There are 2 protein chains.
Amino acid sequence: MAIKQSTTRAEQALRVLRQQILSGAHPGGTRLFEVALADELDISRTPVRAALAKLAEEGLLDRAKGGGFVVRSFKLADVTDTIELRGVLEGTAARFAAERGARPEDLRRAQQILDEIDAAIWGQNIDMDAYSRLNSAFHTLLVDMAQSDALRREIARVTALPFASPSAFLEDEGEADRLARNVRAAHEQHRAIVEAIALRQGARAEAVAREHARAGLRNVRALTGASPGRPEGARALALLST
Amino acid sequence: MAIKQSTTRAEQALRVLRQQILSGAHPGGTRLFEVALADELDISRTPVRAALAKLAEEGLLDRAKGGGFVVRSFKLADVTDTIELRGVLEGTAARFAAERGARPEDLRRAQQILDEIDAAIWGQNIDMDAYSRLNSAFHTLLVDMAQSDALRREIARVTALPFASPSAFLEDEGEADRLARNVRAAHEQHRAIVEAIALRQGARAEAVAREHARAGLRNVRALTGASPGRPEGARALALLST
DNA sequence: GCTTCGGTTAATGTATACATAGCTCAGCGA
DNA sequence: TCGCTGAGCTATGTATACATTAACCGAAGC
């Protein structure tokens with residue numbers, strides 16, 4: 001190969017294929033053929049195969065029975081169940097944090113994030129970029145506070161799906177007033193979760209974190225129920241089949 | 001290749017390597033080299049690589065930063081957290097079953113399994129083979145009753161680890177009387193879970209299923225606390241690192 | 001007409017040669 | 001002595017030729 005490249009071919013293939021799948025270019029149930037992809041991407045079969053295996057590991061592809069890979073098809077029930085599942089797992093993280101005791105520096109950091117979110121959503125206009133970033137930081141910190149690698153790993157797996165991440169649908173909202181109401185309500189839950197953890201109230205922390213995830217569920221219903229077709233802005237639902 | 005073989009080389013490598021890891025032949029943190037394994041197994045690098053990727057998918061290996069694979073190292077906290085996590089997920093399955101309503105045929109099948117377990121553990125001697133088989137069937141049915149593919153998938157992932165399966169430690173028990181007590185107590189929980197599902201008592205079903213998983217936790221403590229070294233019979237804990 | 005057999009084809013499985021990157025360490029110079 | 005540098009080694013990355021298998025399809029026979 002003449003041209004030096006910083007990334008490997010397998011990583012290139014992985015990025016391109018992941019983006020294609022997430023954008024809905026390959027509908028659920030589509031079988032992906034190594035030769036066709038290798039030809040299309042101008043990469044040999046070996047790294048393409050490695051990329052497909054990794055996408056299966058991420059949960060975007062299923063392994064077909066006789067070998068090969070199929071794009072996983074997500075029904076609406078899969079989306080709602082996965083969001084509920086994220087709530088269950090984040091609830092467990094919150095409970096662990098409360099039961100085991102959060103580190104003082106983590107609690108201080110949590111308070112800091114809460115205050116920064118307050119600043120971002122205070123006033124008439126909400127700084128959505130800042131909120132999205134801080135919201136992600138909050139959920140990452142929540143998992144850290146649980147002090148459990150096993151739990152961290154499972155939460156990472158579930159939230160790898162685009163519609164299950166804590167920040168899903170934040171960019172997809174249409175009406176600004178509904179978005180503002182949702183964001184402010186969600187933030188009250190953020191505060192309640194941290195307070196419950198600080199007070200070692202495990203059951204409360206779990207229940208609130210669980211309910212917190214259901215805010216995403218409401219967004220899914222709003223997006224799918226409002227218009228019969230798929231809203232143009234709902235990037236997180238692009239790979240939803242039928 | 002002259003000799004016809006029913007299974008592929010990759011499957012052979014997968015089986016052998018999985019067994020080796022589960023038996024503790026490669027301690028946690030050990031890096032697995034493709035060439036060495038290929039040489040040892042008399043299989044070329046390509047299928048060995050496929051096997052390693054699949055073991056990473058199963059959670060037995062981690063991908064190293066610069067490429068390559070490392071045997072995942074499990075600390076005692078990972079074992080206990082994973083078992084607790086299984087309880088959380090099976091609890092969610094029980095709750096889903098209760099909330100959504102179990103199919104009549106599933107409830108009938110559950111009753112049948114409960115009665116068969118009664119027969120197996122009734123009397124002085126417990127038929128452990130039968131109990132192990134029926135216990136697995138019960139937990140499979142529980143997941144079925146939840147009617148959620150997303151949940152089924154995550155439970156399958158978590159219980160793929162040898163120490164997290166519902167039937168882990170059933171063969172590892174030393175004292176027959178303690179085993180009998182544990183098994184009979186566990187079965188009472190089986191009955192309570194089914195009853196709660198039938199009565200649509202979601203919170204009760206979740207709580208009991210969660211507690212049910214903690215029986216496995218008690219077994220881990222008994223096995224690790226009793227003797228300083230690793231008990232010879234504790235196959236499920238063979239891959240636990242120091 | 002239906003079934004069954006056999007060949008073709010199109011996919012994945014496998015082996016292997018070669019490329020490349022990262023590490024170690026010897027050697028040299030300031 | 002320290003640090004730089006480059007050679008070489010060893011690992012994974014990549015391309016590709018070939019093997020194998022399974023599914024499709026058409027023709028022959030019942």
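Predicted model, so just to flag it, every value in this text is computed and none were measured. Each chain gets a letter, A, B and so on, in the order its sequence line appears, and its residues count up from 1.
The CD1 atom of A/Ile197 sits 5.5 Å away from the CG atom of A/Leu142 when rounded to the nearest 0.5 Å. Here the CZ atom belonging to B/Arg63 is positioned 4.5 Å from the CD atom belonging to A/Glu57, to the nearest 0.5 angstrom. To the nearest 0.5 Å, atoms CD (A/Gln20) and CG (A/Leu239) are separated by 13.5 Å.
Whole-Å rounding puts the A/Leu52 CG to D/dT14 P distance at 14 Å. Rounded to a whole Å, the CZ atom of B/Arg31 is 7 Å from the C1' atom of D/dA11. Look at CD on B/Glu11: it is 13 Å from C1' on D/dT21, rounded to the nearest Å. Look at CD on A/Glu34: it is 19 Å from P on D/dC18, rounded to the nearest Å.
No donor-acceptor pair under 3.5 Å is formed between the side chain of B/Asp81 and the backbone N or O of B/Asp78.
With D/dA11, C/dA11, D/dT14 as the choices, the nucleotide that has an atom nearest any side-chain atom of A/Ala10 turns out to be D/dT14.
Counting only N and O atoms by type, the side chains of B/Ser165 and B/Thr159 include no donor and acceptor under 3.5 Å apart.
For the contact set between residues 36-48 of chain A and DNA chain D, defined by any heavy atom under 4.0 Å, the members are A/Ile43, A/Ser44, A/Arg45, A/Thr46, A/Pro47.
Among all heavy-atom pairs drawn from A/Ala209 and A/Ala94, the shortest one is CB-CB, 4.0 Å.
In terms of position along DNA chain C, the nucleotide closest to A/Phe33 lies nearer the 5' end than the nucleotide closest to the other residue of the pair A/Phe33 and B/Lys65.
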